[in-house]
Amino acid sequence: VPEFADKGAWSKKAVYTKKDVEHITKYAMYRGIRVVPEIDTPGHTYSFGHAHPEMITNCTGAINNNGTSYPGINNVALNITNPNIYPLLDKIYGDIAAMFSDDFLHVGGDEVRPKCWNEFPSIKEWMASQGMNTSDYNPMLRYFRLRLTPMILNRNKKMVVWQEALNEMLTLGPENPLTPAN
């Protein structure tokens with residue numbers, strides 16, 4: 001998805017090309033080092049907004065866990081109620097999966113600031129339309145992770161998440177992607 005590199009990178013020089021990835025992974029392999037890529041979602045997605053502003057929730061007055069206000073580049077999350085982000089994420093994760101030979105692909109999942117979503121009535125409306133409690137964002141995160149999981153597994157990769165996201169998934173119930181099949 002070239003527009004992410006063109007518009008979302010810190011500079012034109014701060015982009016890894018396919019050739020760079022090949023060089024890094026080969027260099028690492030000869031030294032016994034695994035390279036596991038991470039594309040952190042749904043949080044840490046401020047740069048996505050440079051190419052696709054409709055994909056993010058750029059909060060202005062939400063309060064984070066320690067009481068300070070943000071926005072900050074690490075606190076902007078995807079608008080996971082926007083159905084148009086899923087084909088784009090599938091393309092991104094597909095491109096990444098094809099470039100890295102490791103069996104694992106890291107999707108992040110940490111440090112999502114759900115209070116940010118309070119600023120977007122359309123998100124609350126979507127949650128209500130899905131039968132979700134509009135004051136509990138865990139079902140919405142569940143929805144996101146259930147949409148994301150096949151994007152990774154269908155490419156014969158194992159999905160890695162940060163502990164925070166794992167803890168959330170383990171408490172989600174029978175539909176969660178970590179529940180073993182009967």
Side-chain angles (χ1 to χ4, degrees), residues 1-10 12 14-18 20-22 35-59 71 73-114 116-117 119-132 134 137-162 165-166 168-169 172 175-179:
V1 185
E3 65 268 26
F4 283 104
D6 291 341
K7 297 178 181 176
W10 287 107
K12 297 288 182 193
V15 175
Y16 290 104
T17 66
K18 186 174 182 177
D20 292 334
V21 171
E22 289 171 1
V35 179
V36 179
E38 178 190 5
I39 304 294
D40 199 352
T41 56
H44 301 282
T45 54
Y46 175 81
S47 65
F48 285 38
H50 291 289
H52 290 278
E54 74 282 1
M55 288 184 65
I56 63 169
T57 53
N58 198 356
C59 301
I73 62 169
N74 290 325
N75 297 315
V76 174
L78 290 175
N79 178 354
I80 60 181
T81 68
N82 180 343
N84 297 322
I85 70 167
Y86 294 99
L88 207 49
L89 287 174
D90 191 46
K91 174 79 172 115
I92 292 166
Y93 282 115
D95 288 349
I96 296 299
M99 283 195 284
F100 289 86
S101 61
D102 198 271
D103 291 340
F104 293 94
L105 201 158
H106 205 303
V107 298
D110 68 328
E111 299 173 338
V112 179
R113 304 289 188 240
C116 169
W117 288 323
E119 294 185 30
F120 297 88
S122 63
I123 291 176
K124 296 282 193 180
E125 291 166 11
W126 181 89
M127 290 173 71
S129 76
Q130 300 295 310
M132 296 178 189
T134 58
Y137 292 102
N138 283 328
M140 192 167 78
L141 287 167
R142 172 190 311 168
Y143 172 86
F144 175 75
R145 291 195 177 97
L146 288 172
R147 295 281 310 261
L148 188 65
T149 300
M151 294 178 201
I152 309 306
L153 299 180
N154 290 343
R155 291 177 168 86
N156 297 314
K157 299 290 185 182
K158 296 173 183 137
M159 188 167 81
V160 180
V161 298
W162 289 109
L166 177 65
E168 290 167 359
M169 286 191 286
L172 291 178
E175 313 88 43
N176 97 60
L178 298 179
T179 302

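When reading the values below, keep in mind they use all heavy atoms of this one structure, side chains included, and skip hydrogens, waters and symmetry mates.
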Return yes if some donor-acceptor pair links the side-chain N/O of [X] with the main-chain N/O of [Y] below 3.5 Å, else return no.
X	Y	result
K7	H52	no
T81	W126	no
T45	T41	no

Partner set under side-chain hydrogen bond (donor to acceptor under 3.5 Å, both in side chains) for Q130, not counting sequence neighbours: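 Listed in chain order: nothing, the list is empty.
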Pairing residues for T17 by the side-chain hydrogen bond (donor to acceptor under 3.5 Å, both in side chains) criterion, not counting sequence neighbours: D20
Partners passing side chain to side chain contact (heavy atoms under 4.5 Å, CB included) against K18 (at least two apart in sequence or in another chain): E22, M99
For A14, all residues meeting side chain to side chain contact (heavy atoms under 4.5 Å, CB included), sequence neighbours excluded: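 So A14 forms a side chain to side chain contact (heavy atoms under 4.5 Å, CB included) with W10, S11.
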Do the side chains of [Y] and [X] get nearer than 4.5 Å, heavy atoms only?
X	Y	result
L105	V36	no
E3	V1	yes
V107	I39	no
W117	V112	yes
L78	T57	no

Pairs touching residues 83-107 that satisfy ring-ring contact (aromatic ring centres under 6.0 Å, His included), sequence neighbours left out: H106-W162
Sequence neighbours excluded - salt bridge (Lys or Arg N to Asp or Glu O under 4.0 Å) pairs with any residue from residues 120-129: none
Point-to-point distance, once rounded to the nearest 0.5 Å, from CG of L88 to CE of M55: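 Answer rounded to 0.5 Å: 4.5 Å.
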Can you list everything that forms a salt bridge (charged side-chain N to carboxylate O under 4.0 Å, His left out) with [X]? Sequence neighbours excluded, please.
X	result
D40	none
R155	D90
K91	D95

